[in-house]
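Taking it in order: structure first as structure tokens, then the write-up.
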Amino acid sequence: MKIQRSTGEQRKLDRFGRCEKARINYVASGVKSGEADQALQEVFAQAPDHWQNIPKNSVELLRSPGGGVLEIGVYYRQTDTAFSYRKRRNKRAGDRRWQAEVNAGTGWQKYAVAKVLSVKADKSSPDIDPERLINWNGLPGSASRSEKFRIYEPEMSLCCEATFRRKQAEARDYLRKVANLVGKVNSGAFHNWNAGEVLFLGLVKSDPFEGDDGDELCDLTFRFQIRLGGIRKIGSIDLGMVEGWDHCWPLYTADGKLHSAHVSRLYERASFAVLDL
């Protein structure tokens, strides 16, 4: 059996003029009856392992004109299915794109920010002060009732689309560190936000792609929620500087008077440095 490369070949180029896949043709002569599979194996074995940096993938019998001659094609293509189409983007490892969205969410409240106006139907009737309660039933002490009502609260979301090398983006150690930060708040300043103002919600990983430098890359989209800290006050009690994701709340006596004001920490604090943003 004699094997020779023929002049026949096929190539598919991407938009950059680089070969994505190819078929190189061979001719096997002197092939006896029943030796077609053997001829395919020998052609595949003799063909180069790579063609223009694309690995050898498969072999196919193209034509059998007779006389012990077989035309055989050897195919070259990327074997990594996630990278086989050689998707390319104009990005490099280290690229970062931040996007902020400011809107209003809804919450529930039973106290107004301030009293604006109270008018009695009968000016001679005794004064009844609802303080900052809304929809109060007018009764004191344990009989006092008021209803919660829906209000709009400012919300700000923050996203960062960060381009990483695929090796880092899929590294188990890195992903474990990221997962450990979900639901935690920044312990120190983070991209111009003060400590305690940024809540980490998680990330989404893109499919791998090829960047400008030929590296295999992935985009990781990190999601955060922002709540601003500042000077807080409840009634006559000054609480000073309170971090954004700490919760302020009042405690009232049985007769409805302000007893004390409190700040509760709802989320654990952590350093966001491991995100590498």
Side-chain angles (χ1 to χ4, degrees), residues 94-116 130-135 146-164 169 173-206 219-253 256-277:
D95 287 351
R96 301 289 185 268
R97 186 173 70 90
W98 291 86
Q99 181 177 356
E101 180 180 348
V102 182
N103 48 38
T106 57
W108 291 90
Q109 185 60 278
K110 64 188 298 184
Y111 302 98
V113 174
K115 295 185 295 181
V116 177
E131 296 288 339
R132 294 180 297 114
L133 287 172
I134 294 180
N135 296 335
S146 62
E147 299 176 359
K148 289 186 177 181
F149 60 97
R150 187 184 295 273
I151 62 169
Y152 286 96
E153 298 177 326
E155 290 184 353
M156 181 173 183
S157 58
L158 189 67
C159 290
C160 177
E161 185 183 81
T163 304
F164 286 81
D173 181 61
Y174 177 75
L175 293 176
R176 287 176 66 89
K177 291 177 180 178
V178 171
N180 191 49
L181 288 181
V182 175
K184 295 182 180 178
V185 170
N186 60 317
S187 59
F190 178 71
H191 287 275
N192 299 319
W193 300 100
N194 297 327
E197 293 186 332
V198 185
L199 174 65
F200 180 44
L201 302 180
L203 64 78
V204 177
K205 185 180 80 68
S206 74
D219 281 334
L220 299 182
T221 302
F222 297 80
R223 303 188 184 280
F224 306 91
Q225 197 76 16
I226 307 298
R227 178 171 290 176
L228 301 180
I231 301 298
R232 299 289 185 262
K233 182 178 181 180
I234 295 180
S236 60
I237 301 176
D238 291 317
L239 296 173
M241 178 62 69
V242 175
E243 293 185 2
W245 285 99
D246 286 346
H247 177 63
C248 305
W249 58 280
L251 179 63
Y252 291 88
T253 61
K257 295 182 179 179
L258 179 63
H259 173 269
S260 53
H262 306 266
V263 179
S264 298
R265 179 143 296 178
L266 305 180
Y267 300 92
E268 185 179 343
R269 300 299 191 256
S271 171
F272 286 1
V274 298
L275 297 178
D276 194 16
L277 296 180

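Numbering of residues begins at 1 and proceeds along the displayed sequence.
For H262, the ring pair (Phe, Tyr, Trp, His ring centres under 6.0 Å) partners are W249, not counting sequence neighbours. Under the side chain to side chain contact (heavy atoms under 4.5 Å, CB included) criterion, T106 pairs with R150, Y152, sequence neighbours left out. Evaluation of the side chain to side chain contact (heavy atoms under 4.5 Å, CB included) rule for R176 yields R172 as partners, not counting sequence neighbours. In this view, E268 satisfies the side chain to side chain donor-acceptor pair (under 3.5 Å) rule with no residue, not counting sequence neighbours. Residues passing the ring pair (Phe, Tyr, Trp, His ring centres under 6.0 Å) test with Y252 are Y111, sequence neighbours excluded. Residues that satisfy the salt bridge (charged side-chain N to carboxylate O under 4.0 Å, His left out) test with K177, not counting sequence neighbours, are D173. A search for side chain to side chain contact (heavy atoms under 4.5 Å, CB included) contacts involving T163 returns K91, D95, F209, L217, D219, not counting sequence neighbours. For K233, there are no side chain to side chain donor-acceptor pair (under 3.5 Å) partners two or more places apart in sequence or in a different chain. For the side chain to side chain contact (heavy atoms under 4.5 Å, CB included) test, residues two or more places apart in sequence or in another chain that qualify with V242 are R232, L239, D246, C248, V263. Scored by the salt bridge (charged side-chain N to carboxylate O under 4.0 Å, His left out) test, K148 finds no partners at all (sequence neighbours excluded).
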Determine, stepwise, if the pair W98 / L158 fulfils side chain to side chain contact (heavy atoms under 4.5 Å, CB included).
-> CA-CA 7 Å; W98 291 86; L158 189 67; 3.7 Å; yes
Could you list the donor-acceptor pairs under 3.5 angstrom formed between side-chain atoms of residues 182-203 and any protein atom two or more places apart in sequence or on another chain?
unit_1, atom_1, unit_2, atom_2, d
K184, NZ, N180, O, 3.0
N186, OD1, G196, N, 3.2
N186, OD1, E197, N, 3.2
N186, OD1, V198, N, 2.9
N186, ND2, G188, O, 2.8
N186, ND2, N194, O, 3.0
S187, OG, A270, O, 3.2
S187, OG, S271, N, 3.4
H191, NE2, L277, O, 2.9
E197, OE1, N194, N, 3.0
E197, OE2, G229, N, 2.8

